[in-house]
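Data first, discussion second: the structure below is written as structure tokens.
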Amino acid sequence: MIDHPFFRQALPVIDRLEAAGYEAFFVGGAVRDLFLGRPVHDVDIATSAVPAEVKAVFGHTVDVGIDHGTILVLHNGAGFEVTTFRTESDYTDFRRPDRVEFVRSLYEDLKRRDFTMNAMAMNKSGEWIDPFGGKEDIERRSIRTVGQAAERFSEDALRMMRAARFVSQLCFNLHPQTKEAMTGHAPLLGHIAVERKLNEMDKLFGGRSAGKAVSILIETGLYQYLPGLSGQKAALDRLAGLPLEKLTAEQVWTAAAYLCAEADPVPFLTAWRLPQKRIKRISRSVGTLNRFFAEGITDWQLFQAGLESAVDAAAVASLLPGAKEIDARDAASGFEALPIKSRHDLAITGSELLQWADKPRGPWIKEVLERTEQAVIAGDVQNERMEIERWLRACNLL
Ligand code: ATP
Ligand code: MG
């Protein structure tokens, strides 16, 4: 019996496929996570039915990845990914296969999967199919390829990064032969698209053992084939030595960008093809981090940073030598206590300045607004229209 809501919810899908004469099993990460006692979010189903047959069995389906055999089955208001058993062939350029071949054998499907812990299946009664010793490896906390590691990494070099990110997420170790093959085949990672690397790196940075995983990138030499990290061993050693489990993934990116590209984090983040919004956020946090170190955490620094960047920068700064007194909570409460949080909150705008001063429009407006912000933050003047006007006249700023 399967005692898990997500799996139970998917049982009718398996029942329907079986009733139509096909095999169907739970597979992949959800099965692994169930055995590990980790939270399960979505379950994948593998079946002997080819996509057209899956579509014939169910009324409502969406072709989400039909070339790779994946059909989304909509059932009782939920969606379930159903993928035809397949093998992969014709790996060229050490990347994903050019062609997938549908097969009728679960064993063949499990055999093409990356690691033993990810190559287990479970039937609807909760019985395990574990031909490669996945459970045993999970109990040993060991990440081991299905079959010869060298061969599997030559087929798809991204698997080496997946191994490192699972180290981070699961706090597992690499099986010695798996690690040895990673070390020997690291240059193949050069053939992999940055987008796929980024996807794994985000998961690696977000895992509980990110520091341990960064050490693996260093020890295996994988880092040499990652954007912006080639030749950055010293910086990565520093990163790996930090208690990264205290940081969010975005804060680990901030720490990495700070340590690997202090002068200008933007080219580093751009090389990783991060979306513009994330580049802006992380580079802003790196800038804040630099200012925290140069000038300390002042109210003015917090104001300039904004809440998100102040918190991220303080969280990273608190882990770095020379800034022990800084912590993210202080940054958040310090920011919340500011009399204004942004220029929007200022009681005056540029048009008031134009009205008050008998001067033409010009760059002076921006300067005076900034002086006003500084004075309000410092408590020299209250954030009130008349008070500000009086203060500006007293300071001869109008
Ligand atoms: P997560 O919990 O992060 O989703 P996952 O193991 O489910 O981890 P997915 O990328 O969702 O990872 O892949 C689902 C399954 O497909 C894996 O468990 C594995 O069996 C197989 N798989 C994924 N990527 C590869 C790959 N590059 N090579 C071989 N098998 C793979
Ligand atoms: Mg998954």
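In each ligand, atom 1 is the first atom listed, and ligand 1 is the first ligand listed. As a basis for the values below, the full set of heavy atoms in this structure was taken, side chains included, without hydrogen atoms, waters or symmetry mates.
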Check ion pair [X]-[Y] (N to O, under 4.0 angstrom):
X: Arg284; Y: Asp312; result: no
X: Glu200; Y: Lys203; result: no
X: Arg165; Y: Asp202; result: no
X: Asp130; Y: Lys135; result: no
X: Glu101; Y: Arg86; result: no

Counting each atom of ligand 1 from 1 as listed, which ones have a heavy atom of [X] under 4.0 Å away?
X: Lys203; value: 3 (O)
X: Gly29; value: 5 (P), 6 (O), 7 (O), 18 (O)
X: Gly28; value: 18 (O)

Ring centres under 6.0 angstrom apart (Phe132, Tyr107):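 Yes: the rings meet the under 6.0 Å criterion.
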Ligand 1 contact by Asp156, heavy-atom criterion under 4.0 angstrom: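 Within the 4.0 Å threshold, so yes.
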Residue-ligand contact Phe115/ligand 1, heavy atom below 4.0 Å: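 Contact check Phe115 vs ligand 1: negative.
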Are any of the N or O atoms of [X] closer than 3.5 Å to those of ligand 1?
X: Arg152; result: no
X: Arg159; result: yes
X: Arg196; result: no

Heavy-atom proximity to atom 17 (C) of ligand 1, best of Glu200, Arg162, Arg32: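 Of the listed residues, Arg162 has the closest heavy atom.
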Identity of the nearest option to atom 1 (P) of ligand 1, non-hydrogen atoms only, from Glu88, Arg165, Arg38, Glu155: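 Residue with the shortest heavy-atom distance to the ligand atom: Arg165.
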Any side-chain donor near an acceptor of the partner, Trp128 and Asn123, under 3.5 Å: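 No.
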Within reach of ligand 1, part of Phe166 (heavy-atom separation under 4.0 Å):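 Looking at Phe166 and ligand 1, just side chain atoms fall under 4.0 Å.
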Residue from Leu289, Ile297, Asn290 passing side chain to side chain contact (heavy atoms under 4.5 Å, CB included) with Phe293: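 Going through the options one by one, the only one that passes is Leu289.
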